[in-house]
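One structure is given below, encoded as structure tokens.
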Amino acid sequence: MELTEDNFEKYDIEEFLFKMIKECYNLDYVPEYHSDIKNLRDYYIKPEKNTFFFAVDSDNDKIVGTCGIRGYDKNYDIKDREYNSINTASIWRLLVASDYRHNGIATKLINQTENFCKDKYNEIYLHTQKDSYGALAFWSSRDYQIVEETNDEYGTIHLEKIL
């Protein structure tokens with residue numbers, strides 16, 4: 001599903017995201033990292049070139065996966081890259097509940113995301129961490145290329161896909 005004003009109140013995306021961030025990264029709310037979660041409307045619903053997809057288990061109406069897309073709005077110093085909000089989409093919050101993994105949910109969310117981006121952006125940027133379960137294998141299988149690996153405390157890896 002796509003997050004809209006019509007379904008915003010029905011599904012507690014914020015609760016799901018913070019539960020997953022705690023489970024996957026052992027982090028609580030950190031304003032500099034999680035302001036988009038606290039402001040989902042401003043980051044994902046209102047801007048025309050942004051959106052947020054989520055997957056729901058139809059048997060229990062429970063959120064089981066998410067993926068946000070927005071124009072690149074960071075200023076990471078990535079070697080030989082000049083991303084911007086006009087040409088570069090940025091993937092955020094691709095998360096799937098652990099008991100729903102390996103069922104194609106992330107693939108379906110990314111397919112929707114890439115289709116959404118095709119006519120709006122030239123490339124897609126994302127970052128992940130070395131320790132994120134299955135992340136690098138997943139992104140590589142989707143033709144995302146590593147553009148830089150950092151040695152920061154999280155082991156951040158920057159990737160891109162040209163559309």
Side-chain angles (χ1 to χ4, degrees), residues 1-4 7 11 13-14 16-18 20-21 24-25 27 30 32-56 63-97 100-152 154-163:
M1 297 181 167
E2 187 170 3
L3 183 62
T4 64
N7 61 25
Y11 295 100
I13 302 290
E14 181 179 322
F16 175 81
L17 290 170
F18 281 123
M20 293 301 302
I21 288 167
C24 296
Y25 305 107
L27 287 175
V30 179
E32 71 182 270
Y33 299 146
H34 304 130
S35 61
D36 65 311
I37 298 171
K38 289 289 192 178
N39 300 290
L40 289 164
R41 280 185 176 98
D42 293 335
Y43 277 84
Y44 300 106
I45 295 177
K46 290 179 183 176
E48 189 176 313
K49 289 176 64 173
N50 298 3
T51 198
F52 197 93
F53 295 111
F54 62 103
V56 173
I63 300 169
V64 298
T66 59
C67 186
I69 192 77
R70 63 189 204 230
Y72 181 85
D73 59 0
K74 298 295 180 189
N75 60 353
Y76 298 125
D77 185 21
I78 303 170
K79 173 179 62 175
D80 301 327
R81 296 298 190 274
E82 292 186 27
Y83 300 126
N84 62 67
S85 63
I86 295 168
N87 298 314
T88 310
S90 185
I91 292 177
W92 290 86
R93 314 295 175 208
L94 178 62
L95 297 162
V96 176
Y100 287 83
R101 291 181 185 153
H102 304 289
N103 288 299
I105 294 169
T107 297
K108 288 179 182 177
L109 288 165
I110 290 302
N111 286 343
Q112 280 190 284
T113 297
E114 290 176 353
N115 284 334
F116 176 85
C117 291
K118 278 182 186 174
D119 298 329
K120 295 171 182 61
Y121 299 101
N122 298 331
E123 63 207 357
I124 300 175
Y125 160 87
L126 67 99
H127 66 269
T128 189
Q129 284 74 39
K130 288 179 184 176
D131 294 339
S132 290
Y133 171 78
L136 283 179
F138 174 78
W139 293 116
S140 294
S141 75
R142 304 281 316 169
D143 296 324
Y144 286 78
Q145 304 297 313
I146 295 173
V147 293
E148 187 170 17
E149 293 186 48
T150 67
N151 293 316
D152 65 9
Y154 301 111
T156 304
I157 300 172
H158 300 276
L159 300 105
E160 73 178 10
K161 181 174 186 174
I162 305 300
L163 296 175

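For clarity, every value in this text was computed on a predicted model and none was experimentally measured. Side chains are part of it too, since the values below use all heavy atoms of this structure and drop only hydrogens, waters and symmetry mates.
Here the straight-line distance linking atom CZ of F52 with atom CG of L40 works out to 6.0 Å at 0.5 Å rounding. If you take CH2 on W139 and CD1 on I146, they are separated by 13.0 Å, rounding to the nearest 0.5 Å.
A donor-acceptor pair shorter than 3.5 Å can be found between the side chains of K118 and N115. Side-chain N/O atoms of H102 and Y100 include no donor and acceptor closer than 3.5 Å. Side chains of H158 and Y76: no donor on one and acceptor on the other come within 3.5 Å. Side-chain contact, N84 with Y72: no donor N or O sits under 3.5 Å from an acceptor N or O.
For E2, the side chain to side chain donor-acceptor pair (under 3.5 Å) criterion is met by T51, not counting sequence neighbours. Residues satisfying the ring pair (Phe, Tyr, Trp, His ring centres under 6.0 Å) criterion with Y43, sequence neighbours excluded, are absent altogether. Checked against ring pair (Phe, Tyr, Trp, His ring centres under 6.0 Å), Y11 has the following partners two or more places apart in sequence or in another chain: F54.
A centroid separation of less than 6.0 Å is found between the aromatic rings of H127 and W92.
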(Q) For a side chain to side chain donor-acceptor pair (under 3.5 Å) check, start with the C-alpha distance between E160 and Y83, then their side-chain angles and the critical distance, and finish with the verdict. (A) CA-CA 10 Å; E160 73 178 10; Y83 300 126; 2.6 Å; yes

Under the criterion side chain to side chain contact (heavy atoms under 4.5 Å, CB included), I'd like the reasoning laid out for K130 against I157: C-alpha separation, chi angles, the key distance, then a yes or no. CA-CA 7 Å; K130 288 179 184 176; I157 300 172; 3.5 Å; yes

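The nearest pair of heavy atoms linking E114 to I124 is CG-CD1, 3.9 Å.
Listed for the D152 side chain is a donor-acceptor partner under 3.5 Å among the backbone atoms of Y154.
A cation-pi contact, defined as under 6.0 Å to the ring centre and within 45° of the axis, links K120 to F116.
For E148 and R81, the salt-bridge test fails: no basic side-chain N is under 4.0 Å from an acidic carboxylate O.
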